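Below you'll find the structure, written out as structure tokens, and then a few comments.
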Amino acid sequence: MRKTNNKGPSSNSHEFSDHGGHNMFQLSGFTTIAQSIHALIMALDNSDEINILIILNQLSIELAIIQEDLLAAIPLDPLVTAFATCLQIDHFPDIVLQAISCLMTMLDTLPNIAGLFIARGGIGILSTKLANFEFIDVAEQAIKLLEKISYESTSEIIMDRVFENLVNTLEFYDKETQKRIWSIIVNIAKSLTSQKFFLQYIVPMLPSILSMMTYRGADHCLQTESAIDFLIALLENLARLFSKDLKELKAHLQSMGEQGILNNILGIVHEAPVLEMKIFKLLGLICRCSSALSISLINLGIGPILKEALEKGFDKDYFFDALQLIDTILPEDFTKDPIVKEKAYAFRKHTRYIRNLGENLTSSLILCYQTCINKEEESLIVNSLVKIFVMAHSEYLLTFTNSQAIASFLSEVLHSSYPTVILSGLKIVNICYDKIPQEISELFIREGIVYKAQLFNNQDASKQVPQIRKSINNIGEENTLQPPDDWKMPRRINRTGTEPPPEFFPTFKTLTYERGFHKNEIKRESSAIIAKADQLENKKALRVAKDLKKLARKLFQNETAQEIWSRLIEMLEGEKCPSLFEFSNSGLVEAIWRWFSEGDLEDNKSCKVFIWRLQEFLHEFIKENNKGEYRLITLIRLLEGAGNYDHKFIEKDPEPALVRPNNKELAQKTRLVFDFAPNEAEIINQEYKHELAGKMAFFAKNSKFNIIAENSIPFDEIKTALLRIRDKEELNVFKNVFKKNAAFNQKTQKLETISAKHKMLITSKDLKPLKHSNHFEVAQKTKSKPDEIEVITTINGQEIEPGLCVYDLLIKYGRFEEIKFRFSPPRRISKECKFLWDSVSIYKDLIKESQKTGLDSTEEAKIIPYLSLLKFFYKVNSFLPLILSPSSLLFKSSEPQSIVYPIHENYFKSNKISIQLSRHLQEENSDLPSWAASLLQECKFLVPYPIKFGIFRYIGIEKMSSLWKEGIPNKQKIRINREKMLENAMFVMSDATLLKMGPIEFEYENEVGTGIGPTQEFYSLVGRSIRNLRIWRNSGEELGLFPSPLQSAGKNALKYFSFIGRLVGKSLLDEKQLDLPLSSVFWKLVMNENITMNDILSIDKTLGKTLFDLYEIVNKRNSSKDRKGDYSYKGARIKDLGLTFTLPGYDEIELKPNGKNISLTLHNLEEYICLIAKHSLMQESQAVAFREGLDSVIPYDLLKGFTGEELETMICGEIDESWDIDTLKESIVPDHGYTHSSQTIQNLLIIISQFSASERRTFLQFVTGSSRLPIGGFPNLSPKLTVVKKEPSMPGAHPDEYLPSVMTCQNYLKIPEYSSIDILQRNLKYAMEEGHEAFHLS
């Protein structure tokens, strides 16, 4: 609807002379349009066609600007009648076009005039235009008008043969007009009001529409999709219209079936998978209305199609629709619905139908269950399986899946939080006892199914059911109920049972609001299960559970575990490996964790006992089983799987997201009142006493003030500006500067305005502090120092967290009167990483770190031991080869060991948690669970990198951005000097507030490139410049960049590391790749993780190998009785090596006082090794400077969930991407003169697929501005790499004379059509080398 200006009061008067409430300007418009209407009527009476056209042109302008209330005051009937008359002047198409334009303008403002137009015969008039292709533009405009009318009324469109004409002439129009026609057709289907209309007008045209339901290539995909939309709308409406005449409806559907609707639909599935969601919805409607077509669909092969859809994954849009279709196709056994009854009869008569669906879908549905994130999905899967199990004959039920899969699935179902799901699961259990009792009787006991039924059935269930009810109402979770130590299979159950207490039934009764759920159904199903289990008494079923409990008790009691580990291994490798339920409820996990961790870790002697225990454990479990894998892997699988029973935190409600504002809300202004509330104690700080005293003295006199700020302003920017205020003049600037967030005049600001949308253009000459004028001034006037004082702001006693804009404050804190602020010395991160050298400190660190899971230990007490033990194994595994070697720091042993390789990290991933988080990320309106960030920060191994990266983007980029994506991005453009790249970069990155205001685009002086390409190149080239600084101990090519000792790095080293931290933070915030591979050990220092000598191999392999070889000598000497023996290194005695206590490679750095004069001997060898490792690794000052720089842009905590290798991929881009011809062919788009069959394209693919590693980097730098591909490789390059034909600019010139050129902002490569592959290769490589660091070839 057209927006109108409603500043003045309105009037509903229809008298042209009534001035009530309108100013003269408004009335002049009113009078003018009234005069035009009168003139138009007179011209029509006189058949003055030229004058009619002139008046219509004038009316078109007047109608576009008139206010809505004035338009409503005009006598509309004569005006619409006049327009309808104009539409009939067919020989003068310009009049017709102008009349249609006027009508569309009026419909935008007053949709109800559609009724007036219809009453004047307007639809019939428009219908005649559709068949007249002499004036195609008239027909197209008529269709536009009909589309608008179809949103208000469709009955007349049907009756006046418009529907018929539109369908018959559809393919004569262009795609845009076809879209409008389909919009009209779908609107007609949605608004059918009677069976008569359907039979008289729609049925005759159905064959034509159904014929369009065939896939005829991508060009006709729109038509196919629109036909599906029409049928969906039609069937939804027909189900309502024929609700009392189902036979008639079935007959019409059968007619559609005979016309090949199902064949056409299934053909589309194979050719256009993008339409699968709508196709599944359409098929669901068909199957709901026709049992015959449901059977036909099975015969045509819907089973394999649905199986493939489920196996493609839960991440597809059509997943839920596929589940709904499956549930609709399968019949219920007991129902009053005649269509479903008819279908059930057919299934019972012809068993091949259920066999077809059962064999295709059962296993896939069971696998999909663990991907569910809501009740609807769980219910659909379990309900579908109930139908399959009910219909299937016992002799082929186990051909659908195996009994172990059924038992494991049902065990998980009975742990659901939803009563209806539990009830369906119990029904399947009873069906299995009836149909395949011998195959499942033992498994159902071992998987805890019978135990769970016992809980539901006995009186204690009264405690559990209310918890289930609460979880549905989002006010609590189900308590985890564990079997008692003396748990055994229920025997000789009293069939009558004991009546539950009176309060049980009222609680149960509250669940009856759920459809199909009654108070006694769960109890009745559970009772039946127990009775059947009792009849099939299986004494062997409890043997494994009892053995596991015995092992757990022994482990609690014994000091040696050799026999326990041997028995456990025997059970793990036996025919009856413990089930997840048995393992989870045995207490063994808790016992193992206590075995490694519970005791006095502060006592060195006790700690050495724990180390010996770990050595004993690894000696047994780091051996291969009969499958050729470590025994520990089997234990890890059980540990991860058994934890699924206790992942109750997954079911907690997600943390609600902040409300996302629209542009209008962002543009509004808010009054913020600031009140100075000093903390006198902070002025005692001697280092910052002068600075704090000055601030306190000034604001004591100016303690309360207010500002008016746009809602879009980042509050961090306001804080930074507040910190810069030094006098009254600057305070006045501060009060007024935030009223509008736009660029100012270049002369006073040295900022050139690109647009009013926060874009700046800064030249290299302007890269210096700015003068007074707006909020950029205060932020940049005094540049930030790493250790400057802070301003702390609070609302209602809560400190305002970083990353919020003004609008966020209103949402997060509600109504608040004022913002308190004070100044403080910098709050440094107190925790410091340590260098762990001796075995006791290393083991203590292993345990303490493993105890940190990121979950509340009181609320999630049951899952904590699982996660702690899994984390413990993960950390031990990370340096497994080293701790089991003769040079081990942990196990003092000189015995030779066979080579041990770490277990692949994928074994430590939690499939359940990964799937749940992935679903939350992919669901549009699903907020991230509150536990996600804290869990993954501590247990980074649980989830694959792509999911962690998605979470980082959700929290770190979307939530930490200064403005929402729905708002206007605070984009800035900065022009820099390529010759002073590093200097310019350091200046730009010096203001953290500026960096958080929005994306920055870089361009270069005297070069034409702009946009994504030059910006990406900026990060790549700055990264390369940083790598050349003399602050690193290596080049970073193999092991990643690690700081050289601070004493050798120069006086500006810390300044550089602070800058690098901000640069990395900005590249992450703007999602730009930075060619700066930092060492994983450096990231450990940044994240305050402790360091051991094992890390030396990750920064200097040669030095590390030497130190470990020397430490092997230490271990041999310590374990030998002859401590005075002659131990040599490579044939030389230690004292003859001629080494002193100086740092290798840095002779000026002494490892201890007077180190240059202390010779290395066998007696001080261990100290020497320790000091070298410590002085090489512990570059804490650089890490602190980097961390503070990073944290000023984006919270460094957000990166704690990543490994060093993952951080390198995230910052630098993909390393091990594929460059084979098939991948390149799928990822490169030929266009504008080239196709995939063009010889030049084929030659190009051959050339670049054969590039060396360095040539690949150069090529990517040339084409994209970055030397690495994004995460995911070529397929994730955005925009796609497009190759187009470059034509010679001079007439008669040969293409071989021209070089390739690029548009890096669009990843565009322009290549002439060279005469041979050799010339293409020569010219491409030349262009790459010459143009990869400039935009002269752009």
Side-chain angles (χ1 to χ4, degrees), residues 714 716-717 720-721 723-724 743-744 746-754 758-788 962 970-1007 1010 1014-1029 1031 1050-1070 1072 1074-1076 1185-1186 1188-1194:
D716 289 341
E717 182 184 331
T720 305
L723 188 64
R724 304 290 185 248
F744 279 69
Q746 183 186 16
K747 291 182 180 179
T748 57
Q749 280 292 82
K750 296 183 185 269
L751 300 175
E752 180 181 342
T753 302
I754 298 300
H758 312 295
K759 296 180 181 177
M760 301 191 310
L761 184 64
I762 304 178
T763 66
S764 59
K765 295 178 181 178
D766 298 324
L767 291 175
K768 53 189 177 183
L770 306 176
K771 301 294 183 182
H772 285 284
S773 274
N774 76 339
H775 47 282
F776 288 120
E777 174 275 323
V778 193
Q780 295 192 6
K781 185 173 179 182
T782 305
K783 298 282 79 171
S784 305
K785 297 177 292 184
D787 291 330
E788 64 185 0
S962 58
N970 206 11
K971 188 175 289 186
Q972 303 154 83
K973 286 192 176 183
I974 296 179
R975 182 176 296 150
I976 58 175
N977 188 325
R978 189 181 287 274
E979 301 301 320
K980 299 179 179 179
M981 180 81 72
L982 187 61
E983 179 186 341
N984 288 178
M986 291 185 71
F987 182 86
V988 172
M989 298 295 157
S990 63
D991 191 337
T993 301
L994 186 68
L995 301 182
K996 288 190 285 189
M997 287 177 61
I1000 295 178
E1001 288 187 357
F1002 294 93
E1003 54 188 56
Y1004 305 98
E1005 291 181 1
N1006 304 318
E1007 295 184 27
T1010 186
T1015 301
Q1016 182 56 70
E1017 192 196 27
F1018 165 82
Y1019 286 100
S1020 295
L1021 296 182
V1022 170
R1024 199 173 304 169
S1025 298
I1026 292 171
R1027 292 170 70 167
N1028 292 330
L1029 293 173
I1031 58 175
K1051 62 180 181 180
N1052 292 323
L1054 295 183
K1055 179 181 177 182
Y1056 281 128
F1057 277 99
S1058 179
F1059 152 67
I1060 295 168
R1062 294 190 183 209
L1063 180 70
V1064 168
K1066 184 59 178 172
S1067 71
L1068 290 171
L1069 204 58
D1070 285 7
K1072 294 292 183 288
L1074 180 62
D1075 191 8
L1076 198 66
F1186 177 93
E1188 290 179 350
L1190 174 69
D1191 200 54
S1192 67
V1193 180
I1194 190 168

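In what follows, every heavy atom counts, from backbone to side chain, and hydrogens, waters and symmetry copies are set aside. On a predicted model such as this, the values are computed, not experimentally measured, just so you know.
Pairing each heavy atom of I976 with each of F1018, the nearest pair is CD1-CD1, 3.4 Å. Closest approach of Y1004 and P1014 over heavy atoms only: OH-O, 3.0 Å. The heavy-atom pair separating M989 from R1062 by the smallest distance is O-CD, 3.0 Å. E1001 approaches T1015 most closely through the heavy-atom pair CA-OG1, 3.3 Å. The two residues L1063 and V1022 make their nearest non-hydrogen contact at CD2-CG1, 3.6 Å. Among all heavy-atom pairs drawn from D1075 and S1020, the shortest one is CB-O, 3.8 Å.
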*Between E979 and E1005, is a side chain to side chain contact (heavy atoms under 4.5 Å, CB included) present by the stated rule, with each step listed?*
CA-CA 10 Å; E979 301 301 320; E1005 291 181 1; over 6 Å; no
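A distance of 5.5 Å separates CG in L1029 from CG in L982, rounded to the nearest 0.5 Å. S1192 OG to K1066 NZ: the interatomic distance, rounded to the nearest 0.5 Å, is 11.5 Å. Here the CD1 atom belonging to I974 is positioned 9.0 Å from the CZ atom belonging to F987, to the nearest 0.5 angstrom. With values rounded to the nearest 0.5 angstrom, I1060 atom CD1 is found 12.0 Å from R1027 atom CZ.
Of the charged side-chain nitrogens involved, at least one lies within less than 4.0 Å of a carboxylate oxygen, so that R978 and E1017 count as a salt-bridged pair. Taking 4.0 Å as the cut-off between side-chain N and carboxylate O, R975 and E1003 count as a salt-bridged pair.
Residues D1070 and Y1019 meet the side-chain proximity criterion, which asks for heavy atoms closer than 4.5 Å. Counting only heavy atoms from C-beta outward, the side chains of F1002 and M981 never approach each other to under 4.5 Å.
Under the 3.5 Å distance criterion, the side-chain polar atoms of S1058 are left unmatched by any main-chain donor or acceptor of L1054.
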